[in-house]
Amino acid sequence: MKPLLLKVSSGPAHSFSVRYDVLPDINNRWHCHPELELIYLKKGNGTQFIGDSIKQFKAGDMVLVGSNLPHYWRFDDTYFNQDEGAGVEVFVVHFCENFWGEQFLQLPENKLIKVLLEKSKRGLQIMGGTKERVSNQMAAMLSTDGAERIIMLLKALNAIATSLPSNYLASIGFKYDHNDSENDRLNNIYEYSMQNFRKKIYLDEIAEIAGVSSNSFCRYFKSKTRKTFSQFIIEIKVGHACKLLIEDKLNIKQLCYDSGFNNFSTFHKHFKLVTGKSPLMYQKEFTKNP
């Protein structure tokens with residue numbers, strides 16, 4: 001399936017794009033583009049889809065997305081309600097792999113950066129103290145011109161390439177096709193699921209959203225995402241539960257039902273399958289390592 005193909009503008013005076021967003025609905029849909037994307041989510045929480053990976057994102061997260069790898073950051077509903085005063089801040093850099101020339105990455109000095117860009121085809125979650133250095137460079141690029149701007153991007157990529165290993169996001173076997181007639185189908189499925197995961201979503205209901213027959217929906221969805229629709233919904237529910245555990249405003253039983261599970265034993269089983277931890281252990285580990 002082809003996600004929405006977006007055109008990224010860099011402007012006549014620049015060879016790559018740097019952007020600062022404060023609205024939650026900027027490119028807030030399943031999409032891809034030929035440019036690589038380095039994104040720093042300075043402020044805001046929500047659900048992150050990259051390839052066949054789905055997880056919660058939080059303020060301070062940083063991701064490097066490879067060329068034409070589909071992705072989608074859906075901010076939580078509270079960020080669309082202006083009365084609650086929640087705001088977002090996002091820094092985004094888009095650049096083509098060869099914008100500095102066909103031979104640049106072939107230089108022996110750039111071997112680690114070349115490897116990094118190859119790894120980004122699966123999406124990379126940037127970890128540790130590297131994020132602070134890189135985020136500062138991303139912010140500085142907004143007000144920098146000339147060769148210094150390119151040098152800052154090079155330093156940012158070098159910092160990532162030489163830091164502790166980053167976590168892969170999409171699975172090694174993730175594939176998608178480019179059928180133009182299906183541009184919005186997966187986005188519609190994702191958006192509907194995010195809005196309705198707390199209730200039971202019936203097969204004929206989601207098949208209608210996807211524009212396919214009930215008999216073919218399950219096969220269709222798994223062929224595009226490498227997971228069943230029920231697995232997908234469970235991951236959304238567990239991700240929501242993780243967010244509630246971190247916020248620590250509800251007890252375990254309350255957040256179990258708020259996440260769409262019908263009973264605590266089912267919630268506990270699926271939470272441990274997805275995260276590898278019990279809900280309480282997950283909450284304690286986050287408290288120790290904010």
Visitor: Considering only NZ, NE, NH1 and NH2 on the basic side and carboxylate oxygens on the acidic side, decide whether Lys55 and Glu235 come within less than 4.0 Å.
Guide: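 Glu235 and Lys55: not salt-bridged.
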Visitor: With the side chain counted from C-beta on, respond yes when Glu191 and Tyr72 share a heavy-atom pair under 4.5 Å apart, and no when they do not.
Guide: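 Of all side-chain heavy-atom pairs linking Tyr72 with Glu191, at least one is under 4.5 Å.
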Visitor: Out of Leu69, Leu38, Leu169, Val134, which residue meets the side chain to side chain contact (heavy atoms under 4.5 Å, CB included) rule with Leu64?
Guide: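 Answer after filtering Leu69, Leu38, Leu169, Val134: Leu38.
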Visitor: Does NZ or CZ of Arg29 lie under 6.0 Å from the centre of the six-membered ring of Tyr190, at an angle within 45° of the ring axis?
Guide: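 Cation-pi check for Arg29 and Tyr190: fails.
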Visitor: Drop me the distance from Lys224's NZ to Arg219's CZ, to the nearest 0.5 angstrom.
Guide: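 Here the interatomic distance stands at 11.0 Å.
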Visitor: Under 3.5 Å, is there a donor on one side chain and an acceptor on the other for Ser171 and Asp52?
Guide: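 Yes, because at least one side-chain N or O of Ser171 sits under 3.5 Å from a partner of the opposite role on Asp52.
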Visitor: Taking the side chain as every heavy atom from C-beta outward, state whether Ile39 and Val93 have any atom pair closer than 4.5 Å.
Guide: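 No; the side chains remain at least 4.5 Å from each other.
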Visitor: Name the one of Phe95, Trp100, Phe99 that satisfies ring-ring contact (aromatic ring centres under 6.0 Å, His included) with Phe16?
Guide: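 Passing option: Phe99.
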Visitor: Kindly indicate whether a cation-pi arrangement holds for Lys237 with Phe261, taking the cut-offs as under 6.0 Å to the six-membered ring centre and within 45° of the axis.
Guide: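 Positive - Lys237 is close enough to the ring of Phe261 and near enough to its axis.
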Visitor: Here's one to test your reading of the geometry: is the NZ or CZ of Lys253 within 45 degrees of the ring axis of Tyr257 and under 6.0 Å from its centre?
Guide: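 No - Lys253 does not lie over the ring of Tyr257 by the 6.0 Å and 45° rule.
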Visitor: Please report, to 0.1 Å, the donor-acceptor pairs under 3.5 Å made by any side chain of residues 101-112, with sequence neighbours excluded.
Guide:
{"residue": "Glu102", "atom": "OE2", "partner": "Asn98", "partner atom": "ND2", "Å": "2.9"}
{"residue": "Gln106", "atom": "OE1", "partner": "Lys114", "partner atom": "NZ", "Å": "3.1"}
{"residue": "Asn110", "atom": "ND2", "partner": "Phe104", "partner atom": "O", "Å": "2.8"}

Visitor: Looking at Tyr220, does the NZ or CZ of Arg185 lie under 6.0 angstrom from its six-membered ring centre and within 45 degrees of the ring axis?
Guide: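 Yes; both conditions hold, so Arg185 lies above the ring face of Tyr220.
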Visitor: Under 3.5 Å, is there a donor-acceptor pair between the side chain of Gln254 and the main chain of Asn251?
Guide: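 Looks like yes, one N/O pair under 3.5 Å.
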Visitor: For a quick check under 3.5 Å, do Thr47 and Gln56 share a side-chain donor-acceptor pair by atom type?
Guide: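 Judged by distance alone, the side chains do pair up.
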Visitor: Heavy atoms, side chains only, cut-off 4.5 Å: are Ser135 and Phe91 in contact?
Guide: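 No - every pair of side-chain heavy atoms lies 4.5 Å or more apart.
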Visitor: Just verifying a value: how many Å separate Ser259 OG and Ile236 CD1, rounded to the nearest 0.5 Å?
Guide: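 The OG atom of Ser259 sits 12.0 Å away from the CD1 atom of Ile236.
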Visitor: Tell me which pairs pass salt bridge (Lys or Arg N to Asp or Glu O under 4.0 Å) where either residue lies in residues 239-251, with sequence neighbours left out.
Guide: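 Every pair satisfying salt bridge (Lys or Arg N to Asp or Glu O under 4.0 Å) with a residue in residues 239-251: Asp76-Lys243, Lys243-Glu247.
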Visitor: Distance alone, cut at 3.5 Å: any donor-acceptor contact between the side chains of Glu205 and Tyr192?
Guide: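 There is such a pair between these side chains.
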Visitor: Holding to salt bridge (charged side-chain N to carboxylate O under 4.0 Å, His left out), I want the full list of residues that pass it with Glu132, two or more places apart in sequence or in another chain.
Guide: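 Salt bridge (charged side-chain N to carboxylate O under 4.0 Å, His left out) check on Glu132 returns nothing, list empty.
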Visitor: Could Glu37 and Arg19 be called an ion pair, given the rule that one side-chain N must be under 4.0 Å from one carboxylate O?
Guide: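 Salt bridge flag = no for Arg19 with Glu37.
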Visitor: Does either side chain, that of Asn187 or that of His31, offer a donor lying less than 3.5 Å from an acceptor on the other one?
Guide: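 No, because no side-chain N or O of Asn187 sits under 3.5 Å from a partner of the opposite role on His31.
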Visitor: Hey, could you give me the CZ/OG distance between Phe221 and Ser230, rounded to the nearest 0.5 Å?
Guide: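 So the gap between those two atoms works out to 9.5 Å.
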